[in-house]
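So the structure is just underneath, and the comments pick up after that.
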Amino acid sequence: MRGGRAARAAGLLAALAVAAGAARAHEGDDAAARPAAESAAASGVRFEPPPPGSYELPPFGKVGGHSLLGSDGRPAPLLEPGRDGAALVSFIYLSCPDACPMATAVLQRVDQAVAGDPRLAGRVALVTVSFDPLRDTPEKMAAFRARAAPHGRWRFLTAQDPAAIAPVLADFGQDRLAAPGDGEDGALVGHTLKVFLLDGEGRIRNVYSAGFLDARVLVNDLLTVLGG
Amino acid sequence: MHALARTGLAMTLLLVGLPAAADEPCQSPYIQKLVGQEDFVYVWTLGTPGLGDGSDKLVTIGANPSRADYGKVVSSASVGGRHEAHHAGFTDDRRQLWAGGLDSSMIFVFDLASDPARPKLVKTIDDFVEKSGGAVGPHTFYPIPGRMLIAALSNATDQGGKTALVEYANDGSWIRTIWMPAGAEYGYDLRVNPHLNRMLTSSFTGRANYMRPLGELMGDAEAMKKFGNTMVVWDYHARKPLQTLAVPGAPLEIRWATNPRSEHAFTTAALTGKLWGIFRKGDGSFEAVELGPIGDPASPPLPVDISLSSDDRFLFVDSFVDGKVRVYDVSAPRTPKLVLEKQIGRQLNMVSQSWDGKRVYFTSSLLANWDKSGADDEQFLRAFSWDGAALSPTFSLDFRAEKLGRPHIMHFGQQSFFAGRAGARLADAR
């Protein structure tokens, strides 16, 4: 079973890389199926994360209630305050050649870890949001979700149009640069790719740069926020 | 002052530089990099009484030879009043520049994204001391994802060197204050190595010293003892101090090597005029190693700013007293080799180089009360090209003739940076 998951994870990444015409290998891109420590080492990370609860993650900023589009095409909340004890929110676009697939690969490892940890299972939501709604339709997000084959609660959201995603990006402080040909095939979308850790009250507890995402750190931070 | 600066005594006492650095290879690894030709150099400039409006200001200089504004003042955004303008830092998305005043402890936030040629003051944080619980003198502005980590220099209780790291959200709200550990209370710079989850901090002196007229300070033997002699190794993620390193003589700017496999950093000790390396040992702890004197050990020239090229090969070291830059080949980081020594001006402080290392910029001012006097008080931005062996002048701007003030830290901007040239940027550091 695990091997099957791993194969699908690797397949997803390969598909993403091919579809996007990735010109350069980003360290860690092919690491979805590896144990976290090994993949961390492969990406140049050489440290043991501090243990959960041994540090503080003071809240800063609060994200409002936003309604987007689910991968089933229906309105879907960004967060579900009653259910989500904590959430990891990642903004991506499906044509992204490097950083977004890497972030998704790390979230796959987190998804596996959460499912296998009774302190986290059922208490954590992963939320992947496209900020490229013109290209990333609910159908495409559904296909992306199917390839990711989540173990736990992992929502794949998009928006009706760019105007609908703009207030969400502003709320998170997630930049998005409209490139020439924005929304057309092959166009790149400039952004400082970040992943946000929210607690059950929608407060931001940490922000991660996609270039240095480490599944072990994300899991320990989830445990720290949840008091596990 | 002029005469004193030529004496060994003055050399020693002047070694209390308060430089800053913010060149492109040395930016936070969490920031959007500008890897192409810069169009602008943003210069955080101290106001000078009787010069222009006399206020601190962010000055934008044209830096692209293909533009009509090359080598000229493009715009100037005054903040009103003199605050001891010193360091500044971009937010992680580079859309804003936070600039600090070491005297007033005020922080000025400029919007760069709306019009990179004309930065606009959009927010003033005037309660840094109150919010931080008594930290004074916001110095290094170091962007981390969604936040700004600020290394302060002093405290409100005694204006001495005991100080803190203060964390803000990008929206300008305070998050937390982390006081420096016992035995290493002084602060100055901070730099993160994300691959090792380690942060290094360095140490300078408190407001009571850095705001005093230099001649007065030099005559106060007790005050001259109140400078930092330590660096601290931190668990960055936990924001917890792990180890204190002895680096005598006010270690100032810190530069980690950029290569993700590397495990070392450099600093210079201002008071002693020494170059130091910080190396990770086999057991994961760090050691500080003295790598040698900068200039003549008998009259240290007050090294105040450093810049490491993005390929980790060349370390530029500016020294205030002799106005020289020294370039070291640090390919073998434990045995740096001096490859160039060049006079830039009569006084010298900041150095910034482009990501590709082909363009290098220098400014002149250290602190309002410490800059030299008379003809030695040159105030300039001087630009050079660098070919790996020689620095060749390209343009120079006289900040006094332009009625601007005393130029300090430099950052780079690009007209089209926020207009969608995503492919021209390096989203993440290596």
Side-chain angles (χ1 to χ4, degrees), chain A residues 23 26-27 40-41 43-51 53-62 96-100 102 170-182 187-197 204-214 216-217 220-221 224, chain B residues 28-33 90-96 113 143-148 167-178 192-198 234-240 242 258-263 280 284 416-430:
Chain A
H26 197 301
E27 288 176 325
S43 65
V45 172
R46 301 184 298 284
F47 65 90
E48 281 300 316
S54 69
Y55 53 93
E56 297 177 0
L57 294 171
F60 58 102
K62 187 168 182 175
C96 176
D98 45 25
C100 309
M102 189 194 69
D171 210 6
F172 277 86
Q174 170 69 63
D175 64 323
R176 180 198 191 284
L177 304 177
D182 192 17
L188 297 173
V189 181
H191 59 285
T192 312
L193 199 141
K194 301 180 214 177
V195 174
F196 297 82
L197 170 61
I204 298 174
R205 302 295 292 271
N206 210 350
V207 186
Y208 313 91
S209 163
F212 304 105
L213 272 182
D214 184 330
R216 304 168 306 159
V217 171
N220 285 4
D221 281 4
T224 298
Chain B
S28 160
Y30 302 106
I31 201 173
Q32 292 267 8
K33 299 285 186 196
F90 294 115
T91 48
D92 60 340
D93 56 13
R94 217 176 174 115
R95 299 179 72 83
Q96 294 187 324
I144 59 176
R147 286 150 290 178
M148 187 69 82
E167 197 166 331
Y168 272 74
N170 278 357
D171 67 4
S173 58
W174 172 84
I175 300 174
R176 61 176 153 180
T177 299
I178 303 156
V192 175
N193 183 324
H195 305 285
L196 302 175
N197 185 36
R198 289 294 177 264
W234 301 71
D235 178 326
Y236 162 66
H237 191 74
R239 311 280 199 276
K240 289 188 175 175
L242 299 174
T258 300
N259 187 316
R261 303 289 172 191
S262 68
E263 300 184 336
R280 187 170 184 252
S416 59
F417 193 82
F418 303 100
R421 287 185 57 201
R425 297 175 306 154
L426 190 65
D428 302 297
R430 284 175 288 167

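Note on naming: letters A, B, ... go to the chains in the order of the sequence lines (proteins, then strands), and numbering restarts at 1 for each one.
Side-chain contact between P145(B) and Y208(A) is absent, with no heavy atoms from C-beta onward closer than 4.5 Å. Contact check for I175(B) versus F60(A): side-chain heavy atoms found under the 4.5 Å cut-off. N197(B) has its side chain out of reach of E48(A): every pair of non-hydrogen atoms, C-beta onward, lies at least 4.5 Å apart.
With hydrogens and angles ignored, the 3.5 Å screen pairs no side-chain donor or acceptor of K240(B) with any backbone N or O of P50(A).
Only the side chain of R147(B) comes within contact range of chain A, with heavy atoms under 4.5 Å apart. Contact annotation for D235(B): only side-chain heavy atoms (C-beta onward) come within less than 4.5 Å of a heavy atom of chain A.
Interatomic distance, CZ of F47(A) versus OH of Y236(B), reported as 10.0 Å (0.5 Å rounding). One distance of note links CG of D171(B) with CD1 of I204(A); it measures 8.5 Å at 0.5 Å rounding.
Within the 6.0 Å centre-distance limit, the rings of F212(A) and H195(B) are counted as a close aromatic pair.
The residue among G146(B), S173(B), G284(B) with the most heavy atom pairs within less than 4.5 Å of chain A is G146(B). Between chain A and the residues N170(B), D92(B), N193(B), the most heavy-atom pairs under 4.5 angstrom are made by D92(B).
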What's the verdict on side chain to side chain donor-acceptor pair (under 3.5 Å) for H237(B) and N220(A), showing C-alpha distance, side-chain angles and the deciding distance? CA-CA 11 Å; H237(B) 191 74; N220(A) 285 4; over 6 Å; no

Starting from the C-alpha separation in whole Å, work towards a yes-or-no answer on side chain to side chain contact (heavy atoms under 4.5 Å, CB included) for Q174(A) and D93(B). CA-CA 8 Å; Q174(A) 170 69 63; D93(B) 56 13; over 6 Å; no

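Between E56(A) and R176(B), none of the side-chain N atoms (NZ, or NE/NH1/NH2) sits under 4.0 Å from a carboxylate O, so this pair counts as no salt bridge.
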